[in-house]
Each structure stands twice: as C-alpha cells, then as structure tokens.
Amino acid sequence: MNASAFDVLVVGLGPGGTSAALAAAQAGLSVLAIDKRRTVGEPVQCAEFVPLTMGRYAKPALVQRISGMRSVLPSGVCEHSDFPGLMVDRAAFDQALASEASKAGALLRVQTALKAVEPEERMVILRGPEGDVERARYNILIAADGPHSTVARAVGLAPLKTVETRQYQVPLCRPYTDTDIWLSDEFPGGYGWLFPRGSVANVGLGADRHLAADLKMPLERLCAMLAHDGVVGMEILGRTGGSIPVSGLRAPLVHEDIVFVGDAAGLTHPITGAGIASAVVSGERAGLAAAAFLGGDAGSLEEYAQDMQDEFAESLARAVARRQWLMERWRTPAAHLDATHKRGWIAFREYFAP
Ligand SMILES: Cc1cc2nc3c(=O)[nH]c(=O)nc-3n(C[C@H](O)[C@H](O)[C@H](O)COP(=O)(O)OP(=O)(O)OC[C@H]3O[C@@H](n4cnc5c(N)ncnc54)[C@H](O)[C@@H]3O)c2cc1C
C-alpha cells in the first residue's frame, strides 16, 4: 500500500488541532489534519466559556458577554468576583478555526480515525469513512486528540487522569451575565455550574468517578432547584458530557517526533476544567515549532515544551496540589465546610495562599 506523505500530521480537530494545522499551513508546511468525528466541533462537549484573551478567535462564534462569577459555598454564602469572559457557540468556534486552516492550505479530513502509530517509520495507520485503511507518513505528528489521546496510548505513554462531566442545556428565564458555580460534597472532585448562553443555559457538573458513580441524579437536583427558583425552565434541550484531564502537564510533552497539545498534553486546568485557551495557545505554538524544526532548528520542539512549562506549569501544579488536598477531604465532615472549598476554588484568596 502506498503511503501519502506530509510535513505535519495533526490528529484531532478541536481548538488545539485546528490551531496547530492553521499555524503549520501558514508557515508553508504540507499538513494533513484528521478527526474521527463526522463534523468538526459536533457534538459540542463544552460549557462554552472562554476568557477575554480569546476575543479574536471568539468573534465568529460569540453568543454573549460574561462579567462576573458567583461562587456558592456549602453554607449558601455566595462570593461574587469579577470574571469577564465570553460565551461562544463552541461548534462555530472550532469550525471557524478549521475553515481558516483549510484556507491556509491544510488538508482536513473528518470521519478519519487514527488507529496506530509506527514512530520508528514516522507512519500512521488511518481508517476512513468507509472502513478503508490508509497509511500516511509524517515528519512531525501533532497529537491534539483530547483527554484520552489515542496517540499517547499507541506509543506506550501513560493515560491522563480525568474527571467526568454531565451537562444539560435548558431554557434561561431571564437575562444573565454571571457564571454560577456550586461548591459542595454533592459534586466530589468537581463542581456544579450554570453558564448563560443567550436564551438558554448550560447547567452541568463534574465529579470524580471514584467518588460519584452517578452524575444524573445530582444534575437533576441542581436543575430542579434552579427551576424552582425561576432561573431556568424544566425542559431539557440538549445533553452532553465528557472527560476533563486533571493530572496536569503530560511528561514528556514531546516524544520522538510527536508533539502533544491541548487536552492531550494535560493543559486543561485541573480545578476549573478550562482548556480551550490553552489548547489554542499550545496548538499555535506547536505548529510554529514544527515549522522551525523542519526548517533546521533542531531545538525548536524542546523549546515548545519549555514554553509550555514556563506558561502553564505553575498554575497547573497549584491546581493539582489543591485537587489532591480536596481529594483527601471529600466524603468527610470537612467537605461540608466553607473553609475547605475556599482553599480549593480559584475565586478565593485562600486558593492562592501558600
Ligand atoms: C462538559 C465540558 C465542559 C467544558 N467547558 C469548558 C469551558 O467552558 N471552557 C473551557 O475553556 N474549557 C471547557 N472544557 C474543556 C475543553 O472543552 C477542552 O479543554 C478543549 O476542548 C480541549 O481542546 P483540544 O483540541 O485539546 O481537544 P478536543 O476538543 O477534545 O478535540 C480532540 C479531537 O480529537 C478527536 N480524536 C480523538 N481521538 C481521535 C482519533 N483516534 N482519530 C481521530 N480523531 C480523534 C476527537 O474527535 C476531537 O474532535 C469543557 C470540557 C467538558 C467535557
């Protein structure tokens, strides 16, 4: 079987992979970027909040602005913080980046799954929409394939620890510009959220699967409470969920000629679950590093890994430490105390205290 050959092969067309494909194609490289999904960005598995720094990328997908965050403690005490950001249509966000990558010359293929990697040969085996199997050669492989990276597994790297989430989209009864967060032993290893999205809201929760096997009942209780308070309607307009990596930065970030970005690199914040911005930043940086490497700069991939360390390691390490601290307290009397949650949530100065 003849193999096609590309400078860069990108696996995954989420924000990490689309950004990597765009940067690499703009740098003049030949790029094949694949995703096993039928349509880029769908189904959405996201609460759809991005920080203001993502404004440029959010423009084609902007739904509404967010000004603050209300963090509700177990006692019912509520802390209001400034927390400006944007709510986006996440499918449109990913699709806009994919469209730019395609215009820049990247070849994008959906319904195409990575099945195996042969790193010594710099070769991958792909399966297309009709079950057709194809081999492709790469010089650099960018693994942007999410929290359960197939690439990592294929080359024998350890899986990342994850928490699980469940989210409903429900009607929103009045305009809302805050994100609401509930901290409670009801959501061990995670939290509950309401993120407003125009006339609807994404209401969801995350929890550690070792501590909470069932996410459905606590989510339905949260929705029922909000409906009772007249915040949301009872109708469930959509259901989603997914995994969030919580073990911090993958080590190594570069393995042979493979560069990990976004969730596959463990860049998602282990306390908040936010990962869109770090996926875009790492994807762009990986695409540029690939171009520099193939242009003769032998140290550029290691420099990528160092840049990610410099930019994200400190905040990820703090989040991993706070998570670990909380994990020792869930399902104990301490999990009902406001003080415990103040130490474990980014809205409180206790979170940042040594
Ligand atoms: C319920 C939920 C809510 C969230 N809310 C927010 C939020 O509000 N704000 C925020 O910043 N972050 C949020 N996140 C996290 C955010 O969605 C991720 O951090 C972000 O999507 C990471 O982007 P990525 O490109 O690294 O990976 P992904 O977006 O996961 O993309 C990976 C892609 O790889 C593809 N893929 C996987 N395996 C293969 C394979 N073998 N072959 C081909 N393709 C493959 C997948 O189909 C997928 O399209 C949330 C996550 C969840 C689960």
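All ligand and atom numbering here is 1-based and tracks the order in the structure. The basis for the numbers below is simple: all heavy atoms, side chains too, and nothing from hydrogens, waters or symmetry mates. Residue numbers count from 1 along this sequence. On a predicted model such as this, the values are computed, not experimentally measured, just so you know.
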Which residue and non-hydrogen atom of the protein lie closest to [atom], and at what distance in Å?
atom: atom 39 (C) of ligand 1; answer: K36 CD, 3.8 Å
atom: atom 1 (C) of ligand 1; answer: T165 OG1, 3.2 Å
atom: atom 17 (O) of ligand 1; answer: R90 NH1, 3.0 Å
atom: atom 32 (C) of ligand 1; answer: A144 O, 3.3 Å

*Quick one: does S247's side chain have a donor or acceptor within less than 3.5 Å of a partner on L160's backbone?*
no
Sub-3.5 Å N/O-N/O distance, [X] and ligand 1:
X: G275; result: yes
X: C46; result: no
X: A277; result: no
X: D263; result: yes
X: G262; result: no
X: A264; result: no
X: T150; result: yes
X: S243; result: no
X: W193; result: no

Checking W330, Y351, F187 against H341 for ring-ring contact (aromatic ring centres under 6.0 Å, His included), the one that qualifies is W330
Show the atoms of ligand 1 that are less than 4.0 angstrom away from any heavy atom in [X].
X: G273; value: 12 (N), 13 (C), 14 (N), 15 (C)
X: G14; value: 25 (O), 29 (O), 31 (O)
X: T268; value: 19 (O)
X: G146; value: 27 (O), 30 (O), 32 (C)
X: F195; value: 8 (O)
X: A113; value: 42 (N), 43 (C)
X: L114; value: 40 (C), 41 (N), 42 (N), 43 (C)
X: G242; value: 53 (C)

The single option from V200, I181, D178, D180 that satisfies side chain to side chain contact (heavy atoms under 4.5 Å, CB included) with F195 is I181
For W345, the ring pair (Phe, Tyr, Trp, His ring centres under 6.0 Å) test, sequence neighbours excluded, returns Y191
query: Would you call R135-E121 a salt bridge at under 4.0 Å N-O?
result: no
Side-chain ion pair, E42 and R38, N-O less than 4.0 Å: no
Checking contacts here: is it the side chain or the backbone of [X] that comes within 4.0 Å of ligand 1, counting heavy atoms only? Could be both or neither.
X: Q45; value: backbone
X: A47; value: both
X: D145; value: both
X: H148; value: neither
X: D35; value: both
X: I276; value: both

Ligand 1 contact by [X], heavy-atom criterion under 4.0 angstrom:
X: G204; result: no
X: T112; result: yes
X: V50; result: no

Is it true that, when you exclude [X] itself, more than 12 heavy atoms of the residues, nucleotides or ligands shown sit nearer than 6.0 Å to its [atom1]?
X: R65; atom1: CZ; result: no
X: M234; atom1: CE; result: no
X: E328; atom1: CD; result: yes

Tracing side-chain contacts under 4.5 Å among Ile, Leu, Val, Met, Phe, Trp and Tyr outward from M123 reaches none
**Q.** E100 side chain to Q26 side chain, donor-acceptor N/O pair below 3.5 angstrom
**A.** no
Please determine, by modelled atom types, if T162 and R209 share a side-chain donor-acceptor pair under 3.5 angstrom.
-> yes
Taking every heavy atom of A98 against every heavy atom of V40, the minimum-distance pair comes out as CB-CG1, 4.1 Å
Subject >> Parallel, tilted or perpendicular: rings of F49 and F83 (30°, 60°) >> reply: parallel
